[in-house]
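Notes follow the structure.
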Amino acid sequence: MRIRMTVMAGLATVAGSLGLYPLYEKAGWFWAGLGAVLAAAGGGLLARRLRLPAPMNAVFGLAALLLYLDLVYAADLAWLVFVPSPESVGHLGDLAGEGWRAANRYAAPVPLLPGIAMLTATGIGLVAVMVDLLAVRLHRTAPAGLPLLAMYSVPAAVREDGAGWLAFGVGALGFLALLMADSREKVGGWGRTVTSRHRPREVPLAGTGPRPGEEPEPPATAALAASGRRIALGAVAVAVLLPAAVPGLHPRGVFGLDGGGGSGTRTVTTPDPLVSLKRELTRLDDSVVLTYRTDDPEGPDYLRLYALDRFDGDRWTYSPLKSSSKDRIVFGRTLPPPPGLSIGRVHKVTTTVHVRPEVRNMTFLPVPYAPTSVSIRGDWRVHPSSLMVYSLHDAAGGRSYTVESLRADPTAGQLAAAGGYPADIVAHYTAVPKNIPQEVRKLAERVTAGSATALTQAVRLQRWFTTTGGFSYDLSAPAPQKGSDLVDFLLHSKHGYCEQYAASMALMARILGIPSRVAMGYTPGSEVRPGEWVVRSRDAHAWPELYFQGTGWVRFEPTPSGAAGQGTAVAPAYSRPAVSAGGGSDSSSAQAPDSSAPGGEAAASPSAGARHRDDQAPGSTSAAQDTEDDGFTATPWMAGALLTLMLLGVPMALRAYTRRRRWAALTPPPPPVPGAPPRPGPARRRAAPPDPAGAAHAAWREMRADALDHGLEWRASDSPRAAARRLGELLDLDGASARALTRIARAEELARYSRSRSPEPVERLRADVKTVREAFAASVGRRARWRARLLPPSTMAQTRAALRTASDRALDVTARLNALPGRLARPRRR
């Protein structure tokens, strides 16, 4: 039956399931999974008790798992509460379907709905069945790690940060414990093991055997088990600590250093903002997300959640947010000013928002751009450059808050007359990866050919997407996962929804030299009564924002609107001037950004791409065209280099400490000061003169360590005189060094073999050791000298000896503890 292995297989599965914790809001999933593991283990144990073939082990485990699911999730429809019936099985199927749809609708961590909990219990139970079959029934413990590893792959694929190091360590230790338990059973079948160190057991007298009813002693496997535990702990420690120490492998840098450049900073990590966009757009229920009231006389603007400023060649994301206490929103405090907004018509807007309690995991607030103050309870913060409002701990579901914002209403002439861009805006928001195909670059230039201003380029891009480019709005199109998907959307398929339109226009704007980013949030929604609006899940939207100096970030709308597109999307007025559809100069219009409009001088100036290149600092053009490296910081690399230097300096520091401690124990104390109070007891004990034998031994050990550090052969069987003669012949020492070596050897010889004291004082021996050390260094190459200084082999040997001693002591204690139950259970002899 292998009861011990059954228990260990169940514990390993439970430990491995801890890696799933980032996927759920509450901890109820763990108890559901624990019950599934117990059921699977019980089914496998019953199959082995009945001595059935190996395939029946899995059948019994699956049957027990089905009984458990019936008992927990369909007890009202099952026969005798837990026996499956057609109704209960159908209910489990429906529940699984609901759980699957809910898992695809929510981003992790998901709410623990009954369907999700049942799917989790089923998945963990299936892993338990596989582990029990492989490790317990088939004696294939190593392959049993594959289903355990599968549980870690789920959070790694869903969440950027994956499972934490603690959950990984617990799961790894569980699997290693399963391996050791299996090995112990196999070794136990061989009989008594031969180990290097174990406590001697009681030897029976000749001719005697075990008494009736007395069990024979089990094989002495304590030594092997202790060695396995040491190896396992070391392997887990290396697997957990090494990635954390390598810059770039850990999401927060070296041991959590985020390189924020200040105390109290944290890197904010959230799921990919675009992951749930299509789920919201395709929800069948089209549920209400929030309601709001606004006093904007021109009608409400979009509510923005995210500003995605980085394009890595595949997807748009936002730069890591370095959160600190100074970013916390305090009632009455004004938020940072919106970047670039200094001219044009601006009016204040007050918006009161109520997010429905059913909304989960909304850690970024939907607010109209540009917010100047937010009144909300909880720990909420603002990102100064993008004005995104977010929280590290709280969520917006069920909350009401008030937002004061500034709404810019620029005219086409003001945007056309915008000056050159600041160098930091150019470097950050015009970065384009080098792997963008030339076809896309030529397409952007062809669509905007003849444009005199950046506004004209943006308007022609928008019109090309909505009118002249032959695009159609299609929610069935797959979400873009890599750069080739956007290229296919632009050049071939031309079918997509708002994510493709916004991402493509922002990319083409950057190719043309216009700073751009992708915003995500909600369109204004629908007005249900005067001044009150409702935003539903299908109002989720993505749109591009382009930067114009003096006005800041302004939105454009390349996604088709109305019945044939995003129903509530609206193009702003400044993006609809009269421009010619093809090449050539702009048509004249009072609103058109041409030479006749206000700001005609700017309209006659070179194109926006050429204009901003003249304004940036020398050398910044190439930086803007390369892949963005704005998030690079030298702090993690400096910390990693410092840590490496510290680790390399440990052997050298330990060698210096050992030398100093060895001689400090032999240094005579200073003479007492007349009239001074007597020293405490330990000082009086040190007041005795140093032992000459101890001084000789210390000098000999120091010389031996120096010889080993410099790579010289040292024979433990040599007497002091033989060792000194061999070193003298090997190194061809000068007179002073040879005399120093002779004095050290003679002192050690007298200390070992004679009762007479060494005539050499401590200071003389110490100086002799230094002389011999210098002779050793002069006799070897540069590489050996540096190794003796930085990585002295004597220190490594000392460390190995200390670890061996500690290991032997731990082995001895382990053997005592393992033998204690047998001794307590053994009847006393009369």
Side-chain angles (χ1 to χ4, degrees), residues 1-20 29-75 78-85 88-89 92-93 96 117-154 170-189 225 232:
M1 293 175 62
R2 306 190 73 190
I3 296 179
R4 177 182 297 180
M5 282 297 297
T6 302
V7 174
M8 293 305 300
L11 291 177
T13 306
V14 172
S17 68
L18 294 178
L20 300 174
W29 66 270
F30 174 78
W31 305 112
L34 178 61
V37 171
L38 294 176
L45 192 64
L46 179 61
R48 290 187 292 277
R49 179 66 178 85
L50 299 176
R51 301 181 181 277
L52 298 176
M56 298 303 297
N57 195 100
V59 173
F60 271 60
L62 293 175
L65 178 61
L66 179 59
L67 294 177
Y68 167 76
L69 296 177
D70 247 19
L71 175 64
V72 176
Y73 300 102
W79 296 326
L80 300 178
V81 182
F82 65 93
V83 179
S85 66
S88 67
V89 174
L92 291 178
M118 196 209 74
L119 285 180
T120 303
T122 303
I124 297 176
L126 292 176
V127 171
V129 171
M130 292 296 298
V131 173
D132 187 82
L133 174 65
L134 292 171
V136 186
R137 182 64 178 86
L138 299 179
H139 302 269
R140 298 292 186 269
T141 309
L146 295 177
L148 295 176
L149 184 63
M151 289 192 288
Y152 284 96
S153 65
V154 179
V170 172
L173 289 177
F175 177 58
L176 292 172
L178 178 63
L179 288 174
M180 288 188 290
D182 180 66
S183 300
R184 185 166 184 172
E185 282 200 359
K186 292 179 179 178
V187 172

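Heavy-atom basis, side chains included; hydrogens, waters and symmetry copies ignored. Counting from 1, the numbers follow the sequence of the chain as shown.
For Ala63, the side-chain contact (heavy atoms from CB on, under 4.5 Å) criterion is met by no residue, not counting sequence neighbours. The side-chain contact (heavy atoms from CB on, under 4.5 Å) test applied to Leu80 returns Val83, not counting sequence neighbours. Residues satisfying the side-chain contact (heavy atoms from CB on, under 4.5 Å) test with Val59, not counting sequence neighbours, are Met56. With sequence neighbours left out, Pro147 forms a side-chain contact (heavy atoms from CB on, under 4.5 Å) with Val127, Met130, Val131.
Note that the CE atom of Met180 and the CG atom of Asp182 stand 11.5 Å from one another [nearest 0.5 Å]. Considering CZ of Arg49 and CD1 of Ile3, their distance stands at 9.5 Å, rounded to 0.5 Å. Going from atom CG of Leu69 over to atom CG of Leu92 covers 6.0 Å, rounded to the nearest 0.5 Å. Atoms CZ and CG, on Phe30 and Leu20 in that order, are 11.0 Å from each other to the nearest 0.5 Å. With rounding to the nearest 0.5 Å, the separation of CG in Leu71 from CG in Leu66 is 11.0 Å. In this structure, the separation between CG on Leu178 and CG on Leu11 is 9.5 Å, given to the nearest 0.5 Å.
Side-chain contact check for Leu126 versus Thr122: some heavy-atom pair is nearer than 4.5 Å. Contact annotation: the side chain of Trp79 never approaches that of Asp70 to less than 4.5 Å [non-hydrogen atoms, C-beta and beyond]. At a threshold of 4.5 Å between non-hydrogen side-chain atoms, the residues Leu133 and Arg140 do not count as touching. Residues Leu134 and Leu146 fail the side-chain proximity criterion, which asks for heavy atoms closer than 4.5 Å.
Heavy-atom minimum distance, Gly174 versus Ala15: CA-CB, 4.3 Å. The two residues Met5 and Ala135 make their nearest non-hydrogen contact at CE-O, 3.9 Å. When all heavy atoms are compared, the tightest approach of Ala54 to Leu138 is CB-CD2, 3.7 Å. The two atoms that bring Met8 and Ala177 nearest to each other are CE-CB, 3.5 Å, heavy atoms only. The shortest heavy-atom contact between Tyr73 and Ala121 is OH-CB, 4.2 Å. In terms of heavy-atom proximity, Ala96 sits nearest to Met118 at CB-CE, 3.6 Å.
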Go through Ile124 and Trp29 one step at a time and tell me if the side chain to side chain contact (heavy atoms under 4.5 Å, CB included) criterion holds. CA-CA 10 Å; Ile124 297 176; Trp29 66 270; 4.2 Å; yes
With a 3.5 Å cut-off and sequence neighbours excluded, list the donor-acceptor pairs that the side chains of residues 31-43 form with protein atoms.
none

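Residues in residues 50-62 take part in these side chain to side chain donor-acceptor pair (under 3.5 Å) pairs, two or more places apart or across chains: Arg48-Asn57, Asn57-Asp132.
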